[in-house]
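Residue numbers begin at 1 in each chain, while the letters A, B, ... track the order of the sequences.
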Amino acid sequence: MWKPKDILGPETILITREQIVRYAGASGDYNPIHYDEEQARRFGLPGVIAHGMLNMGLAARFLETQSPPGARFQRYTVRFRQMVRPNQRLIISGIVKSVQNEGDIFHAAIDVVMQIENGDAVITGQAVMTVPIKTAKS
Amino acid sequence: MFDYDPTRIGERSAPRSHEIEKGAIRRFAEALGEKNSIYFDEKEARAAGFPGLPAPPTFPFTLPPHPIPGVRLPQAGIIHGEQEFIYGRPICAGDIITVSAWLDNVKVRQGHLGSMTILTIMRDGLHQNGDIAFQSRSIVIVTEEVQRDVEA
Amino acid sequence: MTPFVLPSFTKTISQEHLIRYAAASGDFNPIHYDTETAKRFGLPGVIAHGMLSMGLLDHLFAPLYDQGYRLQEISVRFRQIIRPGETVVFSATADPAGKNTLKVSLCVQSQLANKPAVSGQAIFFRPDRQSR
């Protein structure tokens, strides 16, 4: 089971144009700034950018892969700090802030950060996850 | 086009129901590179205690509400500043989730990009029996530049 | 019976169409959304899915469906690429062949081009009322 100060990850991922297009399709967010270079530049962007919600989703997927079985999100908050361009490499990591035992479940508070290679944060966030004690012991 | 009516803060949009389809959950999970089989295999989902394929944590954002009373957001160029989800009973394939949204707060601030309007938009989703599925809080920022551009 | 022209329509193919079609069809070939990759494949830029043009032909068939015709066969040849931003004319001529059969010749042509981007043929059959 998690203990305070446990480090999760890091995991390195690459956001591709294909992933951005797939996310547009799966989320229904067809804002052209995510696939049309010209339109993106018209809005003052350096080019197309990944959906903020894609970054948030990828950080959630990361937390899930790092969690004990049966863990569920109770609360998940992120702050979007920087844009992500296609083919950018991102590093996701987390740290367990606190763990509380409440009846037959644990509540774990975790900080998560997604960074580009120079260390700048793309998103920072907090998750509260619940873990059933039965699976947590095993 | 961007404007908002401060007298309509707190007013909910008409409820909008969404049928949660398996295919949509799988496609969404795939788009995020999920490997966890609970999002793809119904047997695995049931073994994990879900009645059907569960929705990944940020999936509720793909269930659009009806237009928020008193708010008109530009089509492009708004900045998503912050996003929060609080979860109730999990959303699973086969569920019908009714969502509604409202403007919670508006702030206008002077920043290095000129004046920015910061909106807090709330959204919630209910199961058919009234159980809460999720509540979401979004902070979106409309910069002066975008306001000018879309009005031009 | 003499051949007759079906109502044609014109459509400007946008980049958004391509993205939506990629998502709906599952065809995420980068030549439809990644300019650099498209150029590496010797294309002038991103191009529309051939199957998108073929799929859009279906709008021409609405009056035939209304008259009880059912699509039996359709075949097309993709002759020219279509790029997002191009305005394209979809047209068809139906030629009665036998009592309940129509042979429909199909054409998709960019307003800028002097030859069709897609040409093809469809066969429609109208079952007798009793057997419908």
Side-chain angles (χ1 to χ4, degrees), chain A residues 11-62 65 80 82-90 92 114 116-118 122-123, chain C residues 9-59 78 80-90 108 110-113 117-118:
Chain A
E11 187 186 312
T12 303
I13 58 166
L14 183 73
I15 297 220
T16 61
R17 271 176 208 274
E18 175 173 344
Q19 188 156 33
I20 297 171
V21 170
R22 280 183 186 269
Y23 190 80
S27 66
D29 180 349
Y30 289 103
N31 190 325
I33 61 168
H34 303 303
Y35 53 80
D36 189 328
E37 294 285 346
E38 237 170 79
Q39 294 246 40
R41 279 193 279 268
R42 256 203 314 132
F43 281 103
L45 298 169
V48 301
I49 58 167
H51 303 71
M53 291 304 294
L54 168 58
N55 303 333
M56 186 178 188
L58 291 169
R61 184 200 54 75
F62 163 79
T65 57
F80 302 101
Q82 199 169 306
M83 297 176 291
V84 174
R85 306 261 297 121
N87 303 320
Q88 225 165 8
R89 210 169 282 285
L90 301 172
I92 320 176
M114 182 185 262
I116 54 176
E117 279 169 309
N118 72 6
V122 168
I123 59 174
Chain C
F9 68 94
T10 301
K11 207 172 179 67
T12 301
I13 306 293
S14 66
Q15 183 63 40
E16 182 174 341
H17 270 124
L18 272 50
I19 300 295
R20 284 184 183 268
Y21 189 80
S25 65
D27 178 350
F28 290 102
N29 188 327
I31 61 170
H32 304 303
Y33 54 81
D34 186 337
T35 307
E36 242 169 76
T37 306
K39 284 189 174 153
R40 259 198 289 127
F41 283 108
L43 298 166
V46 300
I47 63 167
H49 303 71
M51 290 305 293
L52 170 59
S53 313
M54 188 178 184
L56 289 169
L57 283 166
D58 186 58
H59 297 321
F78 302 109
Q80 304 287 325
I81 56 172
I82 296 174
R83 300 181 59 190
E86 281 187 59
T87 300
V88 181
V89 182
F90 293 78
V108 179
S110 170
Q111 280 185 334
L112 302 172
V118 180

Query raised in the report: Which pair of non-hydrogen atoms, one from Ala23(C) and one from Gly25(A), has the smallest distance, and what is that distance?
Result: CB-CA, 3.3 Å
Query raised in the report: Quick one: OH on Tyr35(A) to CZ on Arg20(C), what's the gap to the nearest 0.5 Å?
Result: 7.0 Å
Query raised in the report: Most heavy-atom pairs under 4.5 angstrom with chain C, which of Glu37(A), Arg22(A), Gln39(A)?
Result: Arg22(A)
Report summary line: Counting heavy-atom pairs under 4.5 Å with chain A, the top scorer among Asp34(C), Asn29(C), Val46(C) is Asp34(C)
Report summary line: Rounding to 0.5 Å, atoms CZ (Arg17(A)) and OG1 (Thr35(C)) come to a distance of 6.5 Å
Query raised in the report: Does a sphere of radius 6.0 Å around CZ in Phe9(C) hold more than 12 heavy atoms from other residues, nucleotides or ligands, not counting ones at 6.0 Å or beyond?
Result: yes
Report task. To the nearest 0.5 angstrom, please state how far the CD1 atom of Ile19(C) sits from the CD1 atom of Ile20(A). Result -> 10.0 Å
